[in-house]
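Here the structure is a predicted model, which means the values were calculated and not measured.
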Amino acid sequence: MAARGVRLFRQSFGAVLRSAQTPVRTCPRLMCTATKEQNNPTQDEDKSKNQTEESPDQAATEKAKLEDQIKDLTDKYKRALADTENLRQRSKKLVDEAKLYGIQGFCKDLLEVADILEKATESVPKAEIKAENPHLKNLYEGLIMTEVQMQKVLKKHGVVKLNPVGDKFNPYEHEALFHSPVEGKEPGTVALVTKVGYKLHERTLRPALVGVVKGP
């Protein structure tokens with residue numbers, strides 16, 4: 001029994017020694033896989049390569065977006081400047097008109113006073129204005145001076161009298177009461193003024209009431 005056990009031990013120990021001395025064989029499949037991995041880039045490298053290839057297109061898209069935004073903002077800025085300039089011009093025009101025509105209502109009220117003075121001087125008989133009648137003469141001269149001073153004040157503030165006898169009819173300054181043929185007068189001209197008109201600068205305060213020459 002002992003001899004048999006010794007023999008089995010030797011056989012097992014020899015097999016172990018032989019297996020330890022035998023060189024390890026390399027698997028051909030593993031070698032192919034390693035070689036393939038060395039020759040081909042990794043997945044991360046493929047991803048970065050794709051990102052690098054796509055980056056010019058992305059940059060162009062971003063550039064186009066930025067250019068559109070700049071164009072839009074520039075257009076809005078120009079529109080804002082134009083609106084501001086228009087508002088400034090309108091405000092300036094309103095201020096200028098307020099300076100010129102702010103007294104329009106007051107001037108209209110004074111026109112009635114000027115009309116009364118004119119009628120008063122016209123109603124005085126010229127034949128009665130004599131040295132023998134000093135009271136009437138002084139009254140008449142006072143009315144004339146008052147009327148002249150009134151016209152000076154009105155003219156100082158831009159109010160001008162319209163007495164267009166012989167002028168071409170202007171519908172913006174004249175109001176035709178009648179049309180009548182007048183010998184020796186050009187058709188379309190003013191033949192008679194029944195009531196004078198007035199202008200404040202370039203704006204008609206009251207049109208002159210006129211009779212217009214009618215053609216044959």
Side-chain angles (χ1 to χ4, degrees), residues 77-216:
Y77 175 70
K78 289 181 179 179
R79 289 177 182 274
L81 285 180
D83 291 340
T84 304
E85 181 62 20
N86 291 335
L87 178 61
R88 187 189 68 81
Q89 291 180 358
R90 286 197 299 268
S91 300
K92 184 177 181 299
K93 184 179 180 180
L94 290 174
V95 171
D96 293 341
E97 288 182 352
K99 291 179 180 178
L100 290 176
Y101 305 111
I103 59 172
Q104 180 173 340
F106 177 69
C107 290
K108 280 185 176 181
D109 294 337
L110 285 181
L111 298 184
E112 298 299 328
V113 179
D115 291 340
I116 292 172
L117 286 173
E118 185 177 2
K119 289 179 180 179
T121 56
E122 290 176 353
S123 64
V124 176
K126 303 298 185 292
E128 300 294 330
I129 305 173
K130 300 177 181 179
E132 293 81 7
N133 196 354
H135 298 292
L136 181 60
K137 181 179 180 182
N138 292 336
L139 177 61
Y140 177 77
E141 290 176 352
L143 289 174
I144 291 293
M145 292 175 61
T146 305
E147 184 184 5
V148 170
Q149 187 64 29
M150 172 71 74
Q151 294 298 326
K152 285 183 180 180
V153 172
L154 292 175
K155 189 175 182 180
K156 178 182 178 182
H157 293 281
V159 180
V160 181
K161 181 187 289 188
L162 298 175
N163 191 8
V165 176
D167 295 343
K168 198 76 175 177
F169 176 75
N170 184 353
Y172 297 102
E173 297 180 357
H174 312 149
E175 182 178 344
L177 298 179
F178 60 89
H179 292 76
S180 176
V182 179
E183 186 178 355
K185 297 288 185 179
E186 182 182 356
T189 58
V190 176
L192 178 67
V193 177
T194 60
K195 190 174 184 178
V196 296
Y198 286 90
K199 283 179 63 177
L200 176 60
H201 300 290
E202 299 300 324
R203 182 178 296 178
T204 301
L205 283 178
R206 187 183 72 189
L209 303 181
V210 301
V212 183
V213 178
K214 184 180 179 180

Kindly list each side-chain donor-acceptor pair under 3.5 angstrom involving residues 199-210, sequence neighbours excluded, with atom names and distances?
from : atom 1 : to   : atom 2 : distance (Å)
K199 : NZ     : E173 : OE2    : 3.0
R203 : NH1    : Q104 : OE1    : 3.0
T204 : OG1    : Y172 : O      : 3.0
R206 : NE     : V196 : O      : 3.4
R206 : NH1    : D115 : OD2    : 2.6
R206 : NH2    : D115 : OD1    : 3.2
R206 : NH2    : D115 : OD2    : 3.3
R206 : NH2    : V196 : O      : 2.7

>> Could you work out, with side-chain contact (heavy atoms from CB on, under 4.5 Å) as the rule, every residue matching Q151, not counting sequence neighbours?
In response: A114, L154, K161, Y198
> Restricting to pairs with a member in residues 105-133, which pass ring pair (Phe, Tyr, Trp, His ring centres under 6.0 Å), not counting sequence neighbours?
Replying inline: none
> Looking at A191 and V213, what are the two nearest heavy atoms and their distance?
Replying inline: CB-CG2, 3.5 Å
>> Just to verify, what does K152 make a side-chain contact (heavy atoms from CB on, under 4.5 Å) with, not counting sequence neighbours?
In response: V148, Q149
> Taking atom NZ of K130 and atom CG of N133, what is their separation to the nearest 0.5 Å?
Replying inline: 9.0 Å
> What pairs with K126 under side-chain contact (heavy atoms from CB on, under 4.5 Å), at least two apart in sequence or on another chain?
Replying inline: I129, Y140
List the atom pairs, with distances to 0.1 Å, where a side-chain N or O of residues 81-88 and a protein N or O form a donor-acceptor pair under 3.5 Å, not counting sequence neighbours.
from : atom 1 : to  : atom 2 : distance (Å)
T84  : OG1    : A80 : O      : 2.7
E85  : OE1    : R88 : NE     : 3.3
E85  : OE2    : R88 : NH2    : 2.7
E85  : OE2    : Q89 : NE2    : 3.1
N86  : ND2    : A82 : O      : 3.2

> Which heavy-atom pair separates F169 from H174 by the least distance, and what is that distance?
Replying inline: CE1-CB, 3.5 Å
> To the nearest 0.5 Å, what is the distance between CD (E141) and CG (L136)?
Replying inline: 10.0 Å
> At what distance, to the nearest 0.5 angstrom, does CD of E118 lie from CD1 of I116?
Replying inline: 11.5 Å
